[in-house]
Amino acid sequence: MSNELPEPNGTCWCGCDAVPGYGRRFAPGHDKTAEAAYMVVYHEASVAQLLHDTGHAPGGKKGTIRAAALKSGWKLCPRGCGYAGAPASINNHINRHHKEN
């Protein structure tokens with residue numbers, strides 16, 4: 001599978017007849033429509049099934065958080081609580097949940 005997405009072509013990628021804005025692949029909100037439809041078709045509309053099918057469920061070969069960290073630069077909370085996310089998300093998390101520390 002190629003990691004390069006084709007350029008937007010004026011057709012909404014969810015499969016409807018809407019025309020997305022210039023440089024966009026989806027009409028507003030239709031990315032979520034496409035995501036939901038994909039989940040129904042390939043994973044019984046279940047995130048748990050998706051994780052199982054892709055080897056990310058408990059006992060699988062890959063942990064979802066670990067995979068995200070390796071691929072996109074996610075970090076673990078330095079306070080040791082187990083929260084993981086993008087650096088900006090970690091900062092927000094610390095400010096919200098670890099103010100006293």
Side-chain angles (χ1 to χ4, degrees):
M1 174 167 37
S2 172
N3 288 335
E4 249 181 80
L5 287 175
E7 291 297 316
N9 62 5
T11 302
C12 184
W13 282 27
C14 84
C16 73
D17 293 331
V19 177
Y22 179 77
R24 298 186 181 275
R25 292 178 178 88
F26 296 98
H30 290 211
D31 55 332
K32 293 299 179 183
T33 301
E35 181 180 33
Y38 179 90
M39 292 295 293
V40 167
V41 171
Y42 295 103
H43 305 292
E44 300 172 19
S46 166
V47 172
Q49 188 66 48
L50 164 72
L51 295 175
H52 172 75
D53 293 347
T54 58
H56 291 279
K61 294 180 180 179
K62 311 172 212 171
T64 304
I65 290 174
R66 178 171 165 69
L70 292 172
K71 185 168 183 152
S72 68
W74 273 26
K75 307 284 183 210
L76 287 172
C77 176
R79 305 289 169 89
C81 69
Y83 179 83
S89 180
I90 293 289
N91 291 337
N92 290 337
H93 164 78
I94 290 170
N95 291 335
R96 182 173 292 141
H97 298 285
H98 300 294
K99 286 182 183 177
E100 68 284 349
N101 296 339

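All values derive from a computational prediction rather than experimental measurement. Any value given below was found using the heavy atoms of this structure, including those in side chains, with hydrogens, waters and symmetry copies removed.
A distance-only check finds a donor-acceptor pair linking the side chain of R25 to the backbone of P6 [under 3.5 Å].
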N/O donor-acceptor pairs under 3.5 Å from side chains in residues 35-56, not counting sequence neighbours:
unit_1: E35; atom_1: OE1; unit_2: K32; atom_2: NZ; d: 3.1
unit_1: H43; atom_1: ND1; unit_2: D53; atom_2: OD2; d: 2.7
unit_1: S46; atom_1: OG; unit_2: A48; atom_2: N; d: 3.3
unit_1: S46; atom_1: OG; unit_2: Q49; atom_2: N; d: 3.0
unit_1: Q49; atom_1: NE2; unit_2: D53; atom_2: OD1; d: 2.7
unit_1: T54; atom_1: OG1; unit_2: L50; atom_2: O; d: 2.8
unit_1: T54; atom_1: OG1; unit_2: L51; atom_2: O; d: 3.4

Quiz: residues 7-21 side-chain donor-acceptor pairs under 3.5 angstrom, not counting sequence neighbours:
unit_1: N9; atom_1: OD1; unit_2: T11; atom_2: N; d: 3.0

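The side-chain hydrogen bond (donor to acceptor under 3.5 Å, both in side chains) contacts involving residues 80-92 comprise Y83-S89, where partners must be two or more places apart or lie in separate chains.
Using a 4.5 Å cut-off on side-chain heavy atoms (C-beta onward), C77 and H93 make contact.
Under the 4.5 Å side-chain heavy-atom criterion for grouping Ile, Leu, Val, Met, Phe, Trp and Tyr, F26 is not connected to Y22 through any hydrophobic cluster.
What you find for I90 and P78 is that their closest heavy atoms are CG2-CD, 3.9 Å. Residues G82 and L76 share a closest heavy-atom pair of O-CD2, 4.1 Å.
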